[in-house]
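In what follows, a single structure is set out as structure tokens and then discussed.
Labels below follow one simple rule: chain letters A, B, ... track the order of the sequence lines, proteins then strands, and each chain is numbered from 1. Both backbone and side-chain heavy atoms feed into the values below; hydrogens, waters and symmetry mates do not.
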There are 2 protein chains.
Amino acid sequence: MNLLLLEPADFIGQGRVRLAGRRLTHMREVHRAAVGDSVRVGCLDGLMGDGVIHALDTEHAELSVAFDRPPPSKLPLTLILALPRPKMLRRVFQTIATLGVPRLILVNSYRVEKSFWQTPFLHPDSIRENLVLGLEQARDTVLPEVIVEKRFKPFVEDRLATMAQGTQGLIAHPGDFPPCPRALPGSVTLAIGPEGGWIPYEVELLQEEGLQPVQMGERILRVETAVTALVSRLF
Amino acid sequence: MNLLLLEPADFIGQGRVRLAGRRLTHMREVHRAAVGDSVRVGCLDGLMGDGVIHALDTEHAELSVAFDRPPPSKLPLTLILALPRPKMLRRVFQTIATLGVPRLILVNSYRVEKSFWQTPFLHPDSIRENLVLGLEQARDTVLPEVIVEKRFKPFVEDRLATMAQGTQGLIAHPGDFPPCPRALPGSVTLAIGPEGGWIPYEVELLQEEGLQPVQMGERILRVETAVTALVSRLF
């Protein structure tokens, strides 16, 4: 937690917040914060700034806060991801928020196990909780948008073209394809498959909407590692 | 597990192996393997090839195996890493093996909590277990070298210069430094600090040995994410 992320319900007055729960525990036990300490703060979906701790006990912390600077900019990226297995999904939400990915679309794929769609980590409260953890890590305040598209074909055929318009569309796919480009100047729409990869039919469908396959070498990366590696290379 | 990694003790004859334990469970429960199936195999620190399952029950699997191709090449990188917290350390071992980092040096730093050095994940058997998991993910056979240097100053002053000779030496460090370079042609020695970063004294010491600070932007990445992002950008 490199930023104390504040929500409207935390405010008890103008420039004054009261905290309990996870953030209080983290301040006390990890940061070993004390009265008088300064901490970096941010308003969810708003500005960042600084806070000073005025009161701190086992139940609550009270801080005065002021906001004066914008959060870091997001990447010009829409990330389309075949739904990962639940344990990985949770970390992926944190990672994309940390990296500054502004929009994540979770889609089905032939190689996604049906049971993955039942995970509680897809509940909106859980998605939000993990995105917030990622923002606190990076020092960002703006929640990424997460869209769940459970049916692959209608999403790709009916909505992908509009979404990808004016962007460079890429499919991360092992094989005899050009290497993933580096340091692109513009916006990107990037589709990353499940463990085991997209099936040829899915790649064809994505290609029909203008996305081009690119590869990252022989090594097979876990989804979370692949997301970070691709984002780091593209921007 | 994208590769069945075999060790000398697995062999019951020429080109014949018998497996039990974790790898058997994974073959049965995740891959749902059956007699007659082909699987990719590799010899630890040796060649890769293919295997065919001849027998499979709840206790054992028997395969005939043949090896005909080299593992993927490693990156020309020595990674120096301030010891991460235990849970992260375990994942870092897997990640560096997956990414193809051939040599990892774990060092102390002012901001490394002393208790981290007590973790069982630093036991050689545990290090090896996690490196193997990373190799199985990537389809590689060659174990990275892991060196534990508990004292920062003697390591940097006495051994780093020799180790970094002929390589481009970099310190990942937030601040007003040049951005991390991309797609370097030669060998690199890269030092990544702990949560909270290196202290100025440590950066100075690393600089005296010829390493140059570079930054990755405003966002603060978890160690595992930083390792992947830096490696992906450098090579």
Check this for me: [X], atom [atom1], are more than 12 non-hydrogen atoms of other residues, nucleotides or ligands nearer than 6.0 Å?
| X | atom1 | value |
| --- | --- | --- |
| A:Arg40 | CZ | no |
| A:Tyr110 | OH | no |
| B:Lys87 | NZ | no |
| B:Arg32 | CZ | no |
| A:Phe67 | CZ | yes |

With rounding to the nearest 0.5 angstrom, report the OG1 to CZ distance, B:Thr228 to A:Arg222.
8.0 Å
Please classify the contact between B:Ala97 and chain A as side chain, backbone, both or neither, with a heavy-atom cut-off of under 4.5 Å.
backbone
For chain A, find which of B:Thr95, B:Val231, B:Leu3, B:Leu99 contributes the most heavy-atom pairs closer than 4.5 angstrom.
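Answer, by heavy-atom pair count under 4.5 Å with chain A: B:Leu99.
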Do B:Glu224 and A:Glu224 have side chains that approach each other closer than 4.5 Å (heavy atoms only, starting at C-beta)?
yes
Is there side-chain contact between A:Glu195 and B:Gln137, with at least one heavy-atom pair below 4.5 Å?
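The answer is no; the side chains never approach within 4.5 Å.
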Which atom names give the shortest non-hydrogen contact between B:Ser73 and A:Arg219, and what distance separates them?
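Answer, listing the atom of B:Ser73 first, then A:Arg219: O-NH2, 3.0 Å.
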List the atom of A:Ser232, the atom of B:Met216, and the distance in Å for their closest heavy-atom pair.
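Scanning both residues completely, I find the closest heavy atoms to be OG-CE, 4.3 Å.
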Among residues at least two apart in sequence or on other chains, which ones pass side-chain contact (heavy atoms from CB on, under 4.5 Å) with B:Glu145?
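By the side-chain contact (heavy atoms from CB on, under 4.5 Å) rule, B:Glu145 matches B:Arg103, B:Ile147.
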